[in-house]
**Student:** 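The structure follows.
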Number of protein chains: 2
Amino acid sequence: MFLNVQFCMIFLVSHVYGYLFPIEPRGPLQGQEWPPGSPWPLPFSWTSTEQLVTFDTATFRIVKNFTGTCEPIDFAIQKYNQGFLFPVYGNGNSSSDPSLPVVAELVVTLSDNEQQNECLQYPKLSDDPETHEHYDLGISVTDNTAIATLEATTVWGALRGIETFSQLIWPNDDYEGQEETHFFANITEIHDKPRFSHRGLMIDSARHYLPERIFYEILDGMMYNKLNVLHWHIVDDQSFPLVSLKFPELSAKGAYNDKAIYTPEAVQRVINGARLRGIRVILEFDTPGHTHGFGRAFPELLTPCYGDGPSGSPDAPNFPEHAGRENLDPTQNYTYNFMREFFTEIAQNVTRDSFIHLGIDEVYMGCWDPSHNPVIADFMIKNGYTDLHQVQEHYTLRHIEMVKSLGLTPISWQDPLDSNVTLDKDVVIQAWKDWGHPWDVQFKVRITDEEKSRILGGEACIWSEFVDKTNIVSRIFPFVSAIGERLWTFDMGIEDMDAANARRRLDQHRCRTLRRGLPVQPILPGYCGRWETENRRRRR
Amino acid sequence: MFLNVQFCMIFLVSHVYGYLFPIEPRGPLQGQEWPPGSPWPLPFSWTSTEQLVTFDTATFRIVKNFTGTCEPIDFAIQKYNQGFLFPVYGNGNSSSDPSLPVVAELVVTLSDNEQQNECLQYPKLSDDPETHEHYDLGISVTDNTAIATLEATTVWGALRGIETFSQLIWPNDDYEGQEETHFFANITEIHDKPRFSHRGLMIDSARHYLPERIFYEILDGMMYNKLNVLHWHIVDDQSFPLVSLKFPELSAKGAYNDKAIYTPEAVQRVINGARLRGIRVILEFDTPGHTHGFGRAFPELLTPCYGDGPSGSPDAPNFPEHAGRENLDPTQNYTYNFMREFFTEIAQNVTRDSFIHLGIDEVYMGCWDPSHNPVIADFMIKNGYTDLHQVQEHYTLRHIEMVKSLGLTPISWQDPLDSNVTLDKDVVIQAWKDWGHPWDVQFKVRITDEEKSRILGGEACIWSEFVDKTNIVSRIFPFVSAIGERLWTFDMGIEDMDAANARRRLDQHRCRTLRRGLPVQPILPGYCGRWETENRRRRR
């Protein structure tokens, strides 16, 4: 029954679809051991020595080298300084190891002062992956003085580097039974940048309402895994929780109840919380199918379905799969005018990202079938259409054109391509099918360099028919971590990526996340205290 | 990846194995609707009318008709009176419906005063299913006076009836938007008894340690589903959290750490918490395989494994499946003497149930293979054994005999039968294999009446490689509810049990459980407030 949980890895591609990558995390070849302080995801370049430094947990601080506020960096510095660097072990007492050089602080530098302008901006799809989230991180010792430095080109790279720094720190072997815990890090040099610019998680607040606090837990978990896009599938057939100021009836009649809503203020709080973590929020409004939620308040937007058979009558539901009305009526200007007004509000007052997800998946063609639906039949005759997919194309192209006129870049699920709808090259396609293939089929997929260059990234997706506040966080983490590493870390040239070897490193990361307060489910038998001790390679 | 979660329905049978029943909940034929106040699991006999009664939530109380304390009933009365009967809806204001007769109290009666002796006892496997958990429940109106009565033969039947009563109460349709909530029940007559005497849930505290508080959440959830056996797989290869007073080294060296333990007091608290909910606790100590946990403190209990090949050396692990030592050494008296001492402590001071689960599953025969293992080879020659299963039989029969001599009734997984080990008829066999069959194969299983008469019941089982405190409660509920109904409710003579129809009733039960504070995961899209209103059939 657990197959009911749709959970998959999806690659966002620009006009290329079908490349699904295996979800298994990867690691070095079997037999190698991961030392303590091994980061997740692995950096682009990472060298370390067996020489150690230590920390005075009472005085160590992350600081930035420039004055003035910078909300994302200040937010991170506060968060990490207050407990992420030196979690409480054993009896909670800790001290620096007197035999080792002490790191007094981590200094965060932005290499280009201009980049401080980003402190007030929302993160964007990077136009230069080489610099956008790049950072250099060093822990070194000169003349017995230990120094830790983090240099990034942008604010967002600094956030990624702070997370990596926090993962380099590890406690002594048997802290559970010791009077005092010492914390260490190895002499380390890291140069890092992401493999893909778009590293996302799709969540769905329509099948079940997700309270606002769950968003911050999810955003926290994303930040720990260097994910940078929250794809928010915000409305669907089942409910319409978004409060529109232009069309307040949408949530008044479409939300599960008057508390299961996202006010404009709540949406902006979530988007801002994402910004502080270097995460974009892309909203999805799925049309022309999946629109029963729109139809609760505005039933005239929808065309009646006529049941499956030729004898069907209007508004006849095809239980259990389909409702009496669930597709937009693509034949009337009213539909397009409504959508223009609605998306204008979204563009002007709601989204802070220039990308918008239009859905366009799973249009229930049985509802539009001209042999049952006289309105569609009439429309096809008038337009000289002979194939129902021309109706889909009609809607799709007009809808996309409207959204682009609002300054937004559309994303579509792969479905229009499957129906031979011709789309402009600037529409981003998100592949989601062919997921059912056996692992080995996906595992062997090899794509050309030209194809690779058009892949923007990928997403973990969880539709929420079977998850809600009770289980979504524990269900998605740490599986999202595995996807996060595949999206962040460059191919290391290992043909046979070895998940077995990566498991313990992922388990450490899971324990780290658990200690930070997220209820992340286990991937191995064990106990976080014990795993952390057992996995340790003492180096001095 | 979610297939990693082992979760299955298992029937405990007496010398008959292989009967696995489909896990899907059942309901009446498709098209019928469940009225509000429909109980889960369904009672043996349930009639109700459209006539309603109402409640004054401020004064209504469950009371018992006899004086003196009776811990299980007092515990239930307190628990249900304090919030389970009239959960807070809307703004929390409620009142009785002025147009309806008001039920002032539910009077709980034990039909046989002698049964009050059970107030201080632990529940047992029933010797008479007709009476052991039987109850009669009535809500009636005479001369405009409403009366609610619950009569049970035993304390345990009273607990089952109180739960059912709580499920008969439902709020008015649109309480979410109303000033005041009214609560109703239909005129109802229920005669109920369980289909099977053993209705269990197996949990595993060795692959991950489960804190004590999780046990009470699980026991609460079991009570809401009329389950009556907690099968506690308490130790295994991975850890030995049970503190033995006779062999304190077992947990000192075998627990994950010094906090991941169950002290004798904690075990008794859990067993007593189960008793208050009418639930037996059966402990499992799995031997002669799965004993690496014993071996941490007492490695000499285990025979060395020699790797897979003939060139294997002693204590050679066969990674990743097998450790260097993991089977008991069945050739030495030391092993049997140790187990006698250990199980004597269990029998005298730990278990409060007369059944004990001995495991005896998945013995890794590669470790005992006489072509590698000279100790086993020598033992076989001395005893004239020609087949390795004779070694398994040697251990199994001697171990079972010892445990029986302590007054305990052994339960074994089906594995010895699969190896043609001849067991006494009084050993209870628990089937667990053949789970991988397609649903329809299991669905069509028909067993004879004679076979049926030897089935004691069944269990939902969750081994905890991939669950711990972060996710076990949301993972097992409400799936356990489905199994609970199959074990409680008699076959209603419907050949094609219809899960689709049962879904909404189970969803209501899930929402009820959620309101009681357990993080039970959803089985359908929706929202508990909305589902409860949408599913309502107004009857007056």
Side-chain angles (χ1 to χ4, degrees), chain A residues 1-5 7 23-24 30-31 90 174 176-177 204 206-209 236-239 241 255-260 319-320 439 463-475 477 479 482 500 503 510 513-514 518-531 533-534, chain B residues 1-5 7 23-24 30-31 90 174 176-177 204 206-209 236-239 241 255-260 319-320 439 463-475 477 479 482 500 503 510 513-514 518-531 533-534:
Chain A
M1 75 206 83
F2 293 100
L3 287 177
N4 282 338
V5 179
F7 190 89
I23 201 172
E24 286 278 16
Q30 191 148 23
D174 37 13
E176 296 282 358
D204 164 5
R207 275 63 179 248
H208 284 101
Y209 178 76
D236 207 300
D237 289 328
Q238 287 82 356
S239 75
Y256 282 132
N257 64 35
D258 59 4
K259 288 188 181 125
F319 282 132
W439 281 119
W463 289 272
S464 61
E465 280 86 348
F466 306 108
V467 293
D468 66 4
K469 63 182 178 185
T470 65
N471 62 340
I472 188 168
V473 175
S474 66
R475 185 66 52 91
F477 297 107
F479 297 109
R503 267 191 199 113
R510 179 254 171 182
T513 309
L514 195 63
L518 290 190
V520 180
Q521 69 180 352
I523 61 162
L524 285 172
Y527 180 76
C528 277
R530 186 160 188 89
W531 280 111
T533 52
E534 281 193 346
Chain B
M1 75 205 83
F2 293 102
L3 286 175
N4 283 336
V5 178
F7 190 90
I23 200 174
E24 285 278 18
Q30 191 150 21
D174 36 15
E176 298 279 359
D204 165 6
R207 275 63 180 248
H208 284 100
Y209 178 75
D236 207 298
D237 289 329
Q238 287 81 355
S239 75
Y256 283 131
N257 64 35
D258 59 4
K259 290 188 178 123
F319 282 131
W439 281 119
W463 289 272
S464 62
E465 280 87 347
F466 306 108
V467 294
D468 66 3
K469 64 182 177 184
T470 64
N471 63 340
I472 188 168
V473 174
S474 65
R475 185 66 50 92
F477 296 107
F479 297 108
R503 268 191 199 115
R510 180 254 169 182
T513 310
L514 194 64
L518 290 190
V520 181
Q521 69 179 352
I523 61 162
L524 285 173
Y527 179 76
C528 277
R530 189 164 187 87
W531 280 111
T533 51
E534 283 194 345

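In what follows, chains are A, B, ... by sequence order, proteins preceding strands, each numbered from 1.
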**Student:** Quick one: pull up SG in B:Cys528 and OH in A:Tyr209 and give me the separation to the nearest 0.5 Å.
**Tutor:** 15.0 Å
**Student:** So what's closer than 4.5 Å to chain A heavy atoms on B:Leu514: side chain, backbone, both or neither?
**Tutor:** side chain
**Student:** When heavy-atom pairs shorter than 4.5 Å are enumerated against chain A, which of B:Pro522, B:Ser474, B:Ala206 gives the highest number?
**Tutor:** B:Pro522
**Student:** Of all residues at least two apart in sequence or in a different chain, which pass the side chain to side chain donor-acceptor pair (under 3.5 Å) check with B:Asn471?
**Tutor:** A:Gln521
**Student:** Roughly how far, to the nearest 0.5 Å, is the CG atom of A:Asn257 from the OH atom of B:Tyr527?
**Tutor:** 4.0 Å
**Student:** Please identify each residue that fulfils side chain to side chain donor-acceptor pair (under 3.5 Å) with B:Thr470, with sequence neighbours left out.
**Tutor:** B:Asp468
**Student:** Among A:Ala260, A:Ser239, A:Pro519, which residue has the highest count of heavy-atom pairs closer than 4.5 Å to chain B?
**Tutor:** A:Pro519
**Student:** How far apart are the closest heavy atoms of B:His208 and A:Gly526, and which atoms are they?
**Tutor:** CD2-O, 2.8 Å
**Student:** Please classify the contact of B:Val473 with chain A as side chain, backbone, both or neither, using a heavy-atom distance under 4.5 Å.
**Tutor:** neither
